[in-house]
Each structure stands twice: as C-alpha cells, then as structure tokens.
Amino acid sequence: MYSNEKYWREYWIKNKIFKTKEEGKKFYVLEMFPYPSGDLHMGHLRNYVIGDVYARYYKMLGYSVLHPMGWDAFGLPAENAAIKKEISPKDWTLSNISVSKNTFKEMGISYDWDREVTTCLPDYYKWTQWIFIKLYEKGLAYRKESPVNWCPDCKTVLANEQVEDGKCYRCGAEVIKKNLTQWYFKITKYADRLLDDLEKLDKWPEKVKMMQKNWIGRSNGVTVRFPFLHSRTEFIDVYTTRPDTLYGVTFMAIAPENPIIQRLPMEEDIRKKVDKYIKTSGKKSEIERAGSKTEKDGVFTGIYVKNPLTNQKVAVFVGDYVLASYGTGAVMGVPAHDTRDFSFAKKYDIPIKIVIQPKDKKINDKDMKDAYIETGIMENSEQFSGMLSTDAKEQIIEHLEKIGWGERTVNYRLRDWLISRQRYWGTPIPMIHCPKCGIVPEKIENLPVLLPDPHKVDYIPKGKSPLASVEEFVNTTCPVCGGPAKRDTDTMDTFVDSSWYYLRYSDANNEKEIFSKDKLNYWMPVDLYIGGVEHAILHLLFSRFITKFLCDEGLIKNDEPFKELFTQGMVMNRVNGNLEVMSKSKGNAIPVGPFVEKEGSDVARGTILFIAPPEKALEWNEESVQSIKNFMRRIVHTVEKIPTKTVENDDIDYEINFLIESFSHDLQRFKLNTAVSSLMKFINFTEKSFSENKDFGIPKGIKEKFIIVMAPIFPHLAEKLWNKTGNENSVFLEKFPKADRSKLEKEEIEIVVQVKGKIRGRINITSHITEEKLKELVMEIDNVRKFIDNKPIKKIIYIPKKLVNIIV
RNA sequence: GCCGGAGUGGCGGAAUUGGCAGACGCACUGGAUUCAAAAUCCAGCGAACCAUGGGUUUGUGUGGGUUCAAGUCCCACCUCCGGCACCA
C-alpha cells in the first residue's frame, strides 16, 4: 500500500500537479499552521485532511487553488527542549520541521511547498519587525508600565488572553502580578470595528463570533464625577452602566492600584492601614483576588465624596474587588442593586438604600438576602421616582450631561495586547534605546534585527531577557544621531508571528516587500480557513486586528482575512478505558508515519472523514479503520472486476447522478462523513447488481465519473484506478462532473398512502400519472379502505411524488 | 451566575429543512464457503404485540401546544458539553 501510494505522490510532484496557478477565479484554502513538535498524529491529520479534500475538489471545479503550509516556529517549547536536551532551540526547531514536513508529504496533502513559510527564519521575521515598526509609527505600538501577568515557571510575562483561570495557558503555573514596563499593541483602538465587523462574517460559526463578542465586551454606560468633600477642585470618576441606581449609592470603592489613593489626605494611622492593605492585595494571585467566590473586602480611607445628584456624603473605601484596569478604577457602591456591592456592604455595615422596586412585590432593606438587579419602578430618586428604571436610565444620563457631572462612555473588556516576552526564542523587538534620542525604531533598511546565534546566548530563563547579556546584540548605534545606543532585549509574543502568516503565502519568497499588493489582493481573503476552536479568540482576533491595520495602511483591500471559518472537532482515543484527546503526552497518540506506512494514507483519510461529522469530536478506533479498508477493496472490485460495458440499465444512470449530486451537496455543507456514505451507496449498488446478475456491467464513462468523484477523499487510490482505466493524465486535471438532473427523475416511483396521518399502504406509480387517477388507485388498496371504513372523506392532501394523506 | 450549542437503536451517526424516522457504517444473529478458523459473500437487525405470505401499537431527553402531518416549529422543564466569570 505504502510504496504504491508513494509512487503517486512522486508522480504529483514530478508533474507539478499541485503547483499554484494564478489565473482566473481563485480559491484560497488554508489550515492553521502547526507548531513543529516533530511527530504528527491523527489529531493533527484531521485538520489537514479536511482542507485537502476542498483543495482538490476546488481544483477539479476549475479554480486556481492556493493551498500552502508553514511553521509557527518560535516559542517556548523549543527553549524548554533545548535546556533539557542541550541542543539549540534553532537546531531543535529545524529538525522538527524536517520530520513534520516529511510526515506531511506522507499524508499526501496537496500543498505547494514552494510557498512554505517559517516564522523563525530571518526572511520571515524581518517582516514581523517591519509590521511592528509600522504599528509604532502609527502610535499603535507603545510602552507602558503597569501590573502585568507573570508566569513564575516560564519566567516571562503573558498577555491577558494567555491567562486561563489565573493560570499560565502553557504550563499551568499560577500567574502573579508584576509591575513592569512592556510593549503593547493598541488593539483597543480597533475594538469597535472588531466587534461590528463580526456581522460581515456570515460564514463563521456563531459560536466563535459569540466568543469574540464576549471577549471584546463592549458596554455602554456613563462616567459620573463625584466631588471630594475636602476639596473644591478634586474629583473622582466612576464608570457605571446603571445610572438608574445613582440615588442608591451608599459608598465608593477604589482599586488598590489606582494612583489617586496616594493623593488622598488621609490621617496617619489610616494611611498605614491602607498601605498595608494595598501591599497584601498586590501579593494575592489572580484566583485569590478575582475568583467570583472570594469574599469582598477593603479598608475605609476616612475620606468622603458627594453624590452629585443628592449632595449626600459617601464614604470612600479601597477594595481589591475593583479592577484598576477597567473603567476608571473606581466604582460607586449600590448595595441594593449590585451583588458585589451588597456583599461588601454587609461586611462593613454600610447602609442599603433601595431605589428600584420590582413590579410584582415590595422589597425592603432589612430582609434583603441579595441585591435586586432587575429592572423595576424607581423610588427615592427625586424627580425620577415612579418611572420605569429603563426609562430613568436614559433620563438620568441626560440630566448628568446637562448639569455637567457625567458623560456617556463606552468601555471594553478587551485590553491592549501585551506583546513583549523575556525569552530568547522569538522575534527581536526592532527598537533602540538612545540616551539622547529616546526610544527609536531601527531603520527599515537595517532589518532584520537578527537574533544572535544560540551558542552565544545563555537562554536559561532567569526572569530577565536572555538577549540582555549578549553584548554584541545589545550595543548598537542610534539610527537617528549615530551615537552609542542599546537595543531592546525583549522578543515578541509568538501570536504576533502567526497574526499575519496567511498574508505571506500569497508571495512567500518576496525579498523586497512583505508581499506584492497585486498578488496579495488576488488571493486574499482566505476563502476557507480550517482549525481548532481553541484559537477562536487569541489567534483569530489578533489576525483580524493586523489585517485591519494593514488595510488602513492601504496594503490590503479587504479588512477581514478569513471569509469562511470551519472549526474541526478533536480526535479522541481511549487510554485505560477513558476517552481523552489524542496527544503524545497522554500516550494515546496514533502517529501518522507508521500508520501510513502500514495501512496507507487513503485509509487514514477515509477513516477520519467517515467516523464522525468534521465539526464533532471523534473517537479513533480500529473497527472504523477496518471498515474503510474493506470499502476501498470493494471500490477496486467494482472498477476492476465488474465488466466495463454498456448495458440497458436506467438505474445505473440514476445512481451515478445521484452520487454526484449528493456528494457535491455534502461538500458544500461540510458533511464529509455523508459524502463518504454516498460513495458507499454507489458501491453497494454496483456490487449488489453484479452479484444478482452476472451480465451486469458498468459503462466506461460511469466508472470514470465515479473515480473522479472519489478522488478528493481517496486521492492515491483514485489516481491508480484512473491510470488503470487507461488514462494518461492525472485524475486531478479532470473536471469534476455535474449531475444530469434529468436522470434523477425516476420513471416509477413509490407513493406513501396515509389515512389521517398514519401510513396504511404504499403504491407504485409512473411519474406522469394524473392526480385524479392516483386518487382512484389509492382507494383500491385494501388496507386503506379498511381504515377509511366508509367514513366520509373530508380532504385529500397530495404531496407530489411523495405521499397522499386521506382525512376522514 | 451569564451567554452559546446539543440530546435520535447496543454504538458512531443520517433525515433534500414540516412529508416513509433510523441512510451509511460498526457491533450482533443466522446462512454460504472452509477439514477448521480467519477473511469474504448473502440475509436479518428500535421496542412490544397479533400471528409471522402480512399487520397493529409505540418510539427522536421530559411535559404541553400548533398542524392533515413535528426529530424538525412554539412554550415550560431536565441533562450534558463549550465559552466567560468580581468588567461595575
């Protein structure tokens, strides 16, 4: 099987069958590129096989297809492996790439390897640096000091998106906060567009769009200004989405990191308590502090503000349930109508003032068990009392704006993207720190800023950038004044590398530009992007951001990179009886290489496509492998053993056209499992016909059509059979057939006969029978007559070619 | 807690979008072949019942509803999976 398939793989390469053409209508199909970890297993294969079916199918439909592959090659595992095995990250990565690439070739995926992209090579990361500088020039890359997520195990900072449940997304260590100066990309500037443009993506799964929507988390509210009691000129702003609860404010809480705290005129002993509180909360982990179950606590500052609407004095607390990085870093406390404020107020005996009553009952502050957060009727709210809270919300905002104590504000959950990492194996940040000129970008013509040779770097993580200790890297000259200066020693988050790689494939070997605009705009957007849901937020959001930015720069016409997104399910396998995601570390991985050598790549492809619909999780099992092997043998039998001859048989015309029709339909709907079923049905028909009648035969044209239809799924076998049928050229140069609809009309059809909606019989009729005649025939069926039972017939419903329903 | 998605035979899953529920496959059962086994081929296969030439009842998580007709549409609930989770 293996050597046989290998022959055809070599044939495709030799004859450049899958070399990309750039003419006419195009189809760009892309699978998310992998991190090169060496061996690929069936879990990886699923992703690429789905893409390959479409690449081959669209080629046969007459499109110019771009189907490339590359490597997301920077990142921590290379360093970790390097430390363990004493091999440089570069050598480790490059040797993994060559192993993985070889496996890809054995899978027989139709990639055009001439467009391979490797993010850790200078000819690629040169352009990553170029994008960084472009962002910097537009004010979209900036440095700031702030508390950041720090992974103590990986010894580097993490982006917000890389912290899951307070833990590092890579190693699972508990993340701590550190105050550091880091590089950020201003993705928040694009928040509105990233959110609103989701509507344009009608071919994305709703689920992914919803996840992005929640992640961006746009909220419309109002910033309200509270004046201090002790000063006529100082204020504190709070952000709220519930201005309708303003009359219920009984305290205020400020985040411990909010710098305003330092300016508050607190008494000495209170100041000490506050400082202590700030210190302890700074030491808390993300989980301790932010878990929704954590008890809310804080300290009183002795300071008061005035409610701008009521002039009542409001006590100011510092509380670490308030986030410094959202809104203004301070909130108004409305215990009656906010769950968190309620529990805070309970703890410190702060009064609860109800200003919204439910419509159907009365609540009072004495027996409240929890905050009332729904809408209702306003009370204790001066001129707004008696209104619906939803109406009052609007009017209070207007009132605040009129009297000058508040203004409408939009806030986002999305934060700017922290991209600097204190690691060696990444794209160097192309910035230079000059004592005279400040921070300046490297000159474009000096790019790439090369990562120093791994043998000269001690990349064992120490909590500071390994590049800082490489003197010949650090010491440079200022591109502005020419004086001595130092390079930035951080590298970029690998998600920067992968946020634009799909653009580079359009012109992968361009040495002068990031890509030629013409070539890029011929291929972009990606027509079909296939990958796992785990990238629903990070990678896809960052990619959309970068595409929008480059679109604003005039480099890309379309500001959305991926027209259609398909998220495939995971591949599971049993380990000690439990279903687990297939992975090397769990020991349940079926590696592609040995499997393909033994069973062949077509068997792997067929199995993976047939077991389950592509979007669902799939359980790998030996029985399914067997059934596909069996099926492939029956295909060979039909093509090679059933005589090729023209026979008087309408059924075979019907079956082949039915196959073409349903196969095409299934591919449009991503139903690759039923597409395989359709192929099986056709083979069932031919095998059965032949076993019943040894004179049965199949016309050459129909055999050929079948081989073409099966080719996207079983490419090696199809190519072999195509050749054996007497064809010189590759089957993939053939046009995918169109169904002849006229052959799908059967002469004789079966009609279901119902009485009062229940099936009482069936009848075979010729398709051009009149309705009257049919109704007559129906009445003659014994069982039908029995159930009509001489009752008067009210109505007869006739669904053409399907059923008759008699209502008595 | 909030927001999504899904519940169909012993199992993986079909159902042209309101028109024959269970396609296709696995497992299982019976038969052919074989000295025997494997492999292969043929047949059967939701459940219960009448009596097995055929027919009846029931059946798509639960309970209601709309309709001549509901796995599919509407309302309420249960369970599972995924995402977010002090975002004010």
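Throughout, a chain's letter reflects where its sequence line sits, starting with A, and its residues are numbered from 1.
In the set B:A43, B:U57, B:A88, B:A88 carries the atom at the smallest distance from any side-chain atom of A:Val322. Comparing B:C86, B:G12, B:A23 by their nearest atom to the side chain of A:Ala612 picks out B:G12. Side-chain proximity of A:Ile537 to the nucleotides B:A88, B:C84, B:A23 is greatest for B:C84. Comparing B:U56, B:C41, B:A43 against the side chain of A:Asn783 picks out B:U56 as the nearest. Here the side chain of A:Arg413 is nearest to one of B:A14, B:C68, B:C84, namely B:C84. Closest approach to the A:Ser219 side chain among B:A85, B:C41, B:A88 is made by B:A88 (side chain taken as heavy atoms from C-beta onward). Distance from the side chain of A:Pro613 is smallest to B:A14 among B:G25, B:A14, B:A88.
Contacts of A:Asn673 with the nucleic acid, taken as non-hydrogen atoms under 4.0 Å apart, involve only primed sugar atoms and P, OP1 or OP2. At a threshold of 4.0 angstrom between heavy atoms, the contacts of A:Asn684 are confined to the sugar-phosphate backbone, with no base atom among them. Note on A:Phe787: only backbone sugar-phosphate atoms sit closer than 4.0 angstrom, heavy atoms only; bases stay farther off. Within the nucleic acid shown, A:Phe631 has no heavy atom closer than 4.0 Å to any nucleic acid atom. When heavy atoms are screened at a 4.0 angstrom cut-off, A:Arg415 is found touching base atoms of the nucleic acid. No engagement by A:Lys629 is indicated, since no non-hydrogen atom pair under 4.0 Å with the nucleic acid exists. Using a 4.0 Å heavy-atom criterion, one finds that A:Asn411 contacts no nucleic acid atom at all. Using a 4.0 Å heavy-atom cutoff across all strands shown, A:Ser662 reaches no nucleic acid atom at all. In this structure, A:Thr241 reaches the sugar-phosphate backbone alone: every heavy-atom distance under 4.0 Å involves primed, P, OP1 or OP2 atoms, never a base.
When Watson-Crick and G-U wobble pairs are counted only if both distances are under 3.5 Å, B:G53 pairs with no nucleotide at all. Base pairing analysis places B:A38 opposite nothing; no Watson-Crick or G-U wobble pair with both distances below 3.5 Å involves it. B:C84 is paired with B:G1 under the Watson-Crick or G-U wobble criterion, all donor-acceptor distances under 3.5 Å. In this entry B:G7 has B:C78 as its Watson-Crick or G-U wobble partner, both defining distances falling under 3.5 Å. Under the Watson-Crick and G-U wobble criteria, each requiring two contacts below 3.5 Å, nucleotide B:U58 is paired to B:G46. Base pairing analysis places B:A70 opposite nothing; no Watson-Crick or G-U wobble pair with both distances below 3.5 Å involves it. Pairing for B:U33 is absent, with no Watson-Crick or G-U wobble pair whose two atom distances lie under 3.5 Å.
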Short heteroatom pairs, N/O only, protein and nucleotides 58-60 of chain B, under 3.5 Å:
| from | atom 1 | to | atom 2 | distance (Å) |
| --- | --- | --- | --- | --- |
| B:U58 | OP2 | A:Lys758 | NZ | 3.0 |

Write out a two-atom table: protein N or O, nucleotide N or O from nucleotides 17-20 of chain B, distance below 3.5 Å.
| from | atom 1 | to | atom 2 | distance (Å) |
| --- | --- | --- | --- | --- |
| B:C20 | O2 | A:Arg762 | NH1 | 2.4 |
| B:C20 | O2 | A:Arg762 | NH2 | 3.4 |

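With respect to A:Lys801 and A:Glu745, a salt bridge is recorded, a charged nitrogen being found less than 4.0 Å from a carboxylate O. The pair A:Lys346-A:Asp370 fails the salt-bridge criterion, with no side-chain N (NZ, NE, NH1 or NH2) lying under 4.0 Å from an Asp/Glu carboxylate O. Between A:Asp237 and A:Arg225 a salt bridge is recorded (basic side-chain N to carboxylate O distance below 4.0 Å).
Contact detail for A:Ile352 and A:Pro335: the closest heavy-atom pair is CG1-CB, 3.8 Å. Heavy atoms only, all atoms of each residue included: A:Ile751 and A:Ile765 are closest at CG1-CD1, 3.5 Å. Between A:Ile660 and A:Ala739, the shortest heavy-atom distance links the atoms CG2-N, 3.5 Å.
Within the 3.5 Å criterion, the main-chain N or O of A:Ala324 finds no donor-acceptor partner in the side chain of A:Asn258. In this structure a side-chain-to-backbone donor-acceptor pair under 3.5 Å is present from A:Asn588 to A:Ser583.
For A:Lys296 and B:C86, a side-chain-to-base donor-acceptor distance below 3.5 Å is present, hydrogens and geometry of angles not being considered.
For the C1' atoms, the distance from B:G25 to B:G13 is 9 Å, rounded to whole Å. Spacing of C1' atoms, B:C2 relative to B:A14, comes out at 35 Å, to the nearest Å. Rounded to whole Å, the separation between the C1' atoms of B:G9 and B:C68 comes to 29 Å. Across the C1' atoms, B:U34 and B:G22 are found 36 Å apart, a figure rounded to whole Å. Remark: the separation of the P atoms in B:C84 and B:A69 is 45 Å, to the nearest Å.
RNA chain B is contacted by both A:Ser677 and A:Glu692; A:Ser677 maps to the nucleotide lying nearer its 5′ end (nearest heavy atom per residue). Both A:Asn621 and A:Met332 sit near RNA chain B, but only A:Asn621 has its closest nucleotide nearer the 5' end.
In terms of phosphate contacts, A:Lys794 brings no side-chain nitrogen or oxygen within less than 4.0 Å of OP1 or OP2 of B:C68. Between A:Tyr326 and B:A88, a side-chain N or O to OP1/OP2 separation shorter than 4.0 Å is present.
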When you check every protein heavy atom under 4.0 Å of nucleotides 1-6 of chain B, what one-letter string (B, S, -) results, 5' to 3'? --S---
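Between A:Leu541 atom CG and B:G83 atom C1' the separation is 15 Å, expressed in whole Å. Distance, A:Glu257 CD to B:C86 C1': 13 Å, rounded to whole Å.
Using cut-offs of 30° and 60° for the angle between ring planes, the A:Tyr372 and A:His337 rings count as perpendicular. Between A:Phe682 and A:Phe706, the ring planes are parallel. Angles under 30° get that label, and only those over 60° would be called perpendicular. Between A:Tyr348 and A:Phe344, the angle of the ring planes lies from 30° to 60°, which puts this pair in the tilted group.
Other residues, nucleotides and ligands place no more than 12 heavy atoms under 6.0 Å from the CZ atom of A:Phe658.
Between A:Tyr412 and A:Thr188, every side-chain heavy-atom pair lies at or beyond the 4.5 Å cut-off.
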